[in-house]
Number of protein chains: 2
Amino acid sequence: MGLTKSEIFTDEQNQLSTLLKAIAHPARIAILQRIIISNTCICGDLVGELGLAQATISQHLKELKTAGIIQGTIEGVSVCYCINPKTWKLLEEELGGFLASYKGETTCC
Amino acid sequence: MGLTKSEIFTDEQNQLSTLLKAIAHPARIAILQRIIISNTCICGDLVGELGLAQATISQHLKELKTAGIIQGTIEGVSVCYCINPKTWKLLEEELGGFLASYKGETTCC
DNA sequence: AATAAGTATCGTAATATTGCGATATAAAAT
DNA sequence: ATTTTATATCGCAATATTACGATACTTATT
């Protein structure tokens, strides 16, 4: 039907998948890398650098913001976006725990 | 258009987003957790445990397999799926590097 | 007040994802 | 050989995502 059945999964599984989904796009990865490098990001800059239209970038920024991964504060005409430290930490922890749970033992296959 | 413009991004950005996309679904996270715990997974088990139809689970397994995150070997009637250590390591490295690139400095906002 | 600059939102088209019933396939047991 | 068991694939419907032009909004400058 095209609708994820969130009810049957744990809150952790849903939360992690939501965060991952927000990051799982090359444009959004590029945006995040750009924000991290400059530590002071303005959308207008991105429009010139990435090869995407202004509307598209604004939409990607909105998705990252909705997921809580970035936060934006209005600074005059432009908007300054930066990483939301809390969510970033949460992602590092949740994802780190998940990835580390596999110890690489090859009992099967 | 609905088509991601992969051409304008780096190989690293595309690769990382592809891997993340494969994991960014609660059912697939649940499947991976289940595989990791048992270290010997048979699809039939999952059908009973998760609340999804057999066809749906088979499809999720296929996506994980296509992304190279799991590998399956036929064992008689059933198929044994397990983590692909190489891809898992790659994911840990790529993602770890990406997440660690943010140092948490709050110069702005 | 009018204009300019930077972003956000709307509407829309193209494509992708999610989920499932039905059916196919493949190996094991009878 | 037929039936059973386990998994994969097909086809479809519902929904989500991606991208962008056009337009609205919001603040700064003139």
Side-chain angles (χ1 to χ4, degrees), chain A residues 1-9 13-14 17-31 34-35 40-67 70-82 109, chain B residues 1-9 13-14 17-31 34-35 40-67 70-82 109:
Chain A
M1 317 215 150
L3 196 145
T4 301
K5 284 184 157 184
S6 320
E7 330 86 60
I8 65 172
F9 302 107
Q13 288 164 342
N14 284 316
S17 70
T18 300
L19 287 175
L20 287 174
K21 211 168 147 192
I23 302 184
H25 191 286
R28 292 196 288 272
I29 291 178
I31 289 173
R34 182 71 180 65
I35 292 180
T40 299
C41 158
I42 289 158
C43 181
D45 294 1
L46 292 167
V47 177
E49 290 173 34
L50 303 181
L52 292 172
Q54 184 266 324
T56 308
I57 291 177
S58 185
Q59 198 175 272
H60 281 306
L61 285 167
K62 193 185 174 187
E63 275 174 75
L64 287 170
K65 202 177 172 186
T66 302
I70 61 171
Q71 56 195 184
T73 40
I74 297 160
E75 258 186 35
V77 185
S78 32
V79 176
C80 168
Y81 279 109
C82 45
C109 302
Chain B
M1 318 207 149
L3 196 145
T4 303
K5 284 183 158 184
S6 319
E7 331 86 61
I8 65 172
F9 303 107
Q13 288 164 343
N14 284 317
S17 71
T18 301
L19 287 174
L20 287 174
K21 211 168 146 191
I23 303 184
H25 191 286
R28 293 196 288 272
I29 291 178
I31 289 172
R34 182 72 179 65
I35 292 180
T40 299
C41 159
I42 289 158
C43 181
D45 293 3
L46 292 166
V47 177
E49 290 173 33
L50 305 179
L52 292 172
Q54 184 266 325
T56 308
I57 291 177
S58 184
Q59 196 176 274
H60 281 305
L61 285 167
K62 193 186 174 187
E63 274 175 75
L64 288 170
K65 203 177 172 186
T66 303
I70 61 172
Q71 56 196 184
T73 39
I74 297 161
E75 258 186 35
V77 186
S78 31
V79 176
C80 169
Y81 280 109
C82 45
C109 303

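Letters go in sequence order (proteins before strands), and every chain restarts at 1. Below, each value reflects all heavy atoms present in this structure, side chains not excepted, and no hydrogens, waters or symmetry copies.
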Show me the protein contacts with nucleotides 5-12 of chain C, counting only N or O atoms at under 3.5 Å.
from: C:dT7; atom 1: OP1; to: A:Cys43; atom 2: N; distance (Å): 3.4
from: C:dT7; atom 1: OP1; to: A:Val79; atom 2: N; distance (Å): 3.4
from: C:dT7; atom 1: OP2; to: A:Gly44; atom 2: N; distance (Å): 2.5
from: C:dA8; atom 1: OP1; to: A:Tyr81; atom 2: OH; distance (Å): 2.5
from: C:dA8; atom 1: OP2; to: A:Ser58; atom 2: OG; distance (Å): 3.1
from: C:dA8; atom 1: N7; to: A:Gln54; atom 2: NE2; distance (Å): 2.9
from: C:dA8; atom 1: N6; to: A:Gln54; atom 2: OE1; distance (Å): 2.9

Item to check | Set of residues satisfying side chain to side chain contact (heavy atoms under 4.5 Å, CB included) with respect to B:Ile42, sequence neighbours excluded | outcome: B:Asp45, B:Ser78
Checklist entry - How are the rings of A:His60 and A:His25 set to each other: parallel, tilted or perpendicular (split at 30° and 60°)? => result tilted
Checklist entry - What is the distance, rounded to the nearest whole Å, between atom CD1 of B:Ile8 and atom P of D:dA19? => result 7 Å
Checklist entry - What pairs of residues pass the salt bridge (Lys or Arg N to Asp or Glu O under 4.0 Å) test when at least one of them lies in residues 55-67 of chain B, not counting sequence neighbours? => result B:Arg28-B:Glu63
Item to check | Counterpart residues, side chain to side chain contact (heavy atoms under 4.5 Å, CB included), relative to A:Ile29 (two or more places apart) | outcome: A:Ile23, A:Gln33, B:Gln13, B:Leu16, B:Ser17, B:Leu20, B:Phe98
Item to check | Point-to-point distance, once rounded to the nearest 0.5 Å, from NZ of B:Lys5 to CG of B:Asn14 | outcome: 13.5 Å
Item to check | A:Ile74 CD1 - D:dC25 C1' separation (whole Å) | outcome: 11 Å
Report all side-chain donor-acceptor pairs from residues 46-57 of chain A shorter than 3.5 Å, counting only partners two or more places apart or in another chain.
from: A:Glu49; atom 1: OE1; to: A:Arg34; atom 2: NE; distance (Å): 2.4
from: A:Glu49; atom 1: OE2; to: A:Arg34; atom 2: NE; distance (Å): 3.0
from: A:Glu49; atom 1: OE2; to: A:Arg34; atom 2: NH2; distance (Å): 2.8

Next on the checklist: Check this one for me: any side-chain N or O of B:Lys21 less than 4.0 Å away from OP1 or OP2 of D:dT17?
Outcome noted: no
Checklist outcome for this item: When rounded to whole Å, the NZ to P distance for the pair A:Lys5 and D:dA16 reads 15 Å
Next on the checklist: How many whole angstroms separate atom CD1 of B:Ile57 from atom P of C:dC20?
Outcome noted: 9 Å
Next on the checklist: Just the rounded figure in Å: distance from C1' of D:dA8 to CD1 of B:Ile70.
Outcome noted: 13 Å
Next on the checklist: Tell me whether the side-chain N/O atoms of B:His60 come closer than 4.0 Å to OP1 or OP2 in C:dT17.
Outcome noted: no
Next on the checklist: Check this one for me: any side-chain N or O of A:His25 less than 4.0 Å away from OP1 or OP2 of D:dA19?
Outcome noted: yes
